[in-house]
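Have a look at the structure below, then the notes.
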Amino acid sequence: QVQLVESGGGLVQAGGSLRLSCTASGRALGPYVMGWFRQAPGKEREFVAAISRAGTITSYADSVKGRFTISRDNAKNTVYLQMNSLKPEDTAVHYCAASRSLGVDFSDYATEVYYHYWGQGTQVTVSS
């Protein structure tokens with residue numbers, strides 16, 4: 001079992017930056033593909049970014065490409081989401097998730113069904 005805890009959310013003005021962290025306990029994060037998802041009020045949860053086990057492959061939703069960067073430090077059991085040039089539409093609860101799925105095309109990690117463990121989420125609010 002992997003327990004995931006997100007931190008780093010908060011209130012920021014449009015154009016500002018935040019760095020979210022997701023720290024795991026229970027098991028090492030190295031064997032897992034990690035993803036970030038978010039859910040805005042009244043909307044379904046959506047994919048934000050994913051990173052491969054070694055950190056060599058990343059993917060992003062079109063809405064955050066060029067503004068957000070996902071990274072990981074397996075020695076610290078932590079995954080990060082650096083969010084720059086934030087917009088009011090980025091306001092959402094942001095979740096990290098861990099996948100132990102194998103033999104999956106990396107683009108499929110944009111889909112929730114491939115993830116097995118989820119954090120409780122951290123609120124990001126961007127004011128205009």
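Values below: all heavy atoms of this structure, side chains included; hydrogens, waters and symmetry mates excluded. Owing to the predicted nature of the structure, the values given are computational and were not obtained by experimental measurement. Positions are given from 1 along the sequence.
In this structure, the side chain of Asn77 engages the main chain of Leu29 through a donor-acceptor pair within 3.5 Å. When atom types are taken as modelled, the side chain of Tyr95 and the backbone of Gln39 share no donor-acceptor pair closer than 3.5 angstrom. Judged purely by atom type and a 3.5 angstrom limit, Arg53 uses its side chain to pair as donor or acceptor with the backbone of Pro31.
No side-chain heavy atom of Val93 sits under 4.5 Å from any side-chain heavy atom of Thr122. Within the 4.5 Å cutoff, the side chain of His116 has heavy atoms near those of the Ser101 side chain. For the pair Tyr117/Gln1, a side-chain contact is recorded, criterion being any heavy-atom separation below 4.5 Å from C-beta on.
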Give the C-alpha distance, both sets of side-chain angles, the deciding distance and a yes or no for side chain to side chain contact (heavy atoms under 4.5 Å, CB included) between Thr91 and Val124. CA-CA 5 Å; Thr91 295; Val124 172; 5.9 Å; no
Mind running side chain to side chain donor-acceptor pair (under 3.5 Å) on Thr78 and Asp73 for me, showing each step along the way? CA-CA 5 Å; Thr78 302; Asp73 185 338; over 6 Å; no
Please lay out, stage by stage, how Lys87 and Val64 fare under the test side chain to side chain contact (heavy atoms under 4.5 Å, CB included). CA-CA 10 Å; Lys87 305 175 181 180; Val64 306; over 6 Å; no
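Closest heavy-atom contact between Gly8 and Leu18: O-CD2, 3.8 Å. Residues Phe106 and Val33 come closest through the heavy atom pair CE1-CG1, 4.1 Å. Across Ala40 and Ala92, no two heavy atoms sit closer than the pair N-CB, 3.7 Å. Annotation for Asn84 and Ser17: closest pair OD1-OG, 2.9 Å, computed over non-hydrogen atoms. Taking both residues in full, the closest heavy atoms of Ser71 and Ile51 are given as CA-CD1, 3.6 Å, listed atom of the first, atom of the second, then distance.
Note: the hydrophobic cluster containing Ile70 also contains Met83 (ILVMFWY, side chain heavy atoms under 4.5 Å, direct or indirect links). By the criterion of side-chain heavy atoms lying less than 4.5 angstrom apart, applied directly or through intervening Ile, Leu, Val, Met, Phe, Trp or Tyr residues, Tyr32 is not grouped with Tyr80; the two fall into different hydrophobic clusters. One hydrophobic cluster holds both Tyr109 and Ile57 under the rule that ILVMFWY side chains link at heavy-atom gaps under 4.5 Å. Under a hydrophobic clustering in which Ile, Leu, Val, Met, Phe, Trp and Tyr are joined whenever their side-chain heavy atoms come within less than 4.5 Å, directly or via other members, Val113 and Tyr115 fall into the same cluster.
Counting non-hydrogen atoms of neighbouring residues, nucleotides and ligands closer than 6.0 angstrom, the CZ atom of Arg67 exceeds 12 such neighbours. Counting non-hydrogen atoms of other residues, nucleotides and ligands closer than 6.0 Å to CD of Gln123 gives a total above 12.
Atom NZ of residue Lys65 and atom OH of residue Tyr60 lie 10.0 Å apart, to the nearest 0.5 angstrom. To the nearest 0.5 Å, the span separating CZ on Arg72 from OG on Ser21 amounts to 13.5 Å. In this structure, Asp90 CG and Thr125 OG1 are separated by 11.0 Å, a value rounded to the nearest 0.5 Å. To the nearest 0.5 Å, atoms CZ (Arg38) and CD (Glu44) are separated by 14.5 Å. In this structure, Glu6 CD and Trp36 CH2 are separated by 5.5 Å, a value rounded to the nearest 0.5 Å. Expressed to the nearest 0.5 Å, how far CG of Leu4 lies from OG of Ser25 amounts to 8.0 Å.
For Phe47 and Phe37, the gap between ring centers is short of 6.0 Å.
Here the rule is side chain to side chain contact (heavy atoms under 4.5 Å, CB included) with Met34, and of Ser99, Cys22, Ser52 only Cys22 fits it.
The aromatic rings of Phe68 and His94 are tilted relative to each other, their planes meeting at an angle between 30° and 60°.
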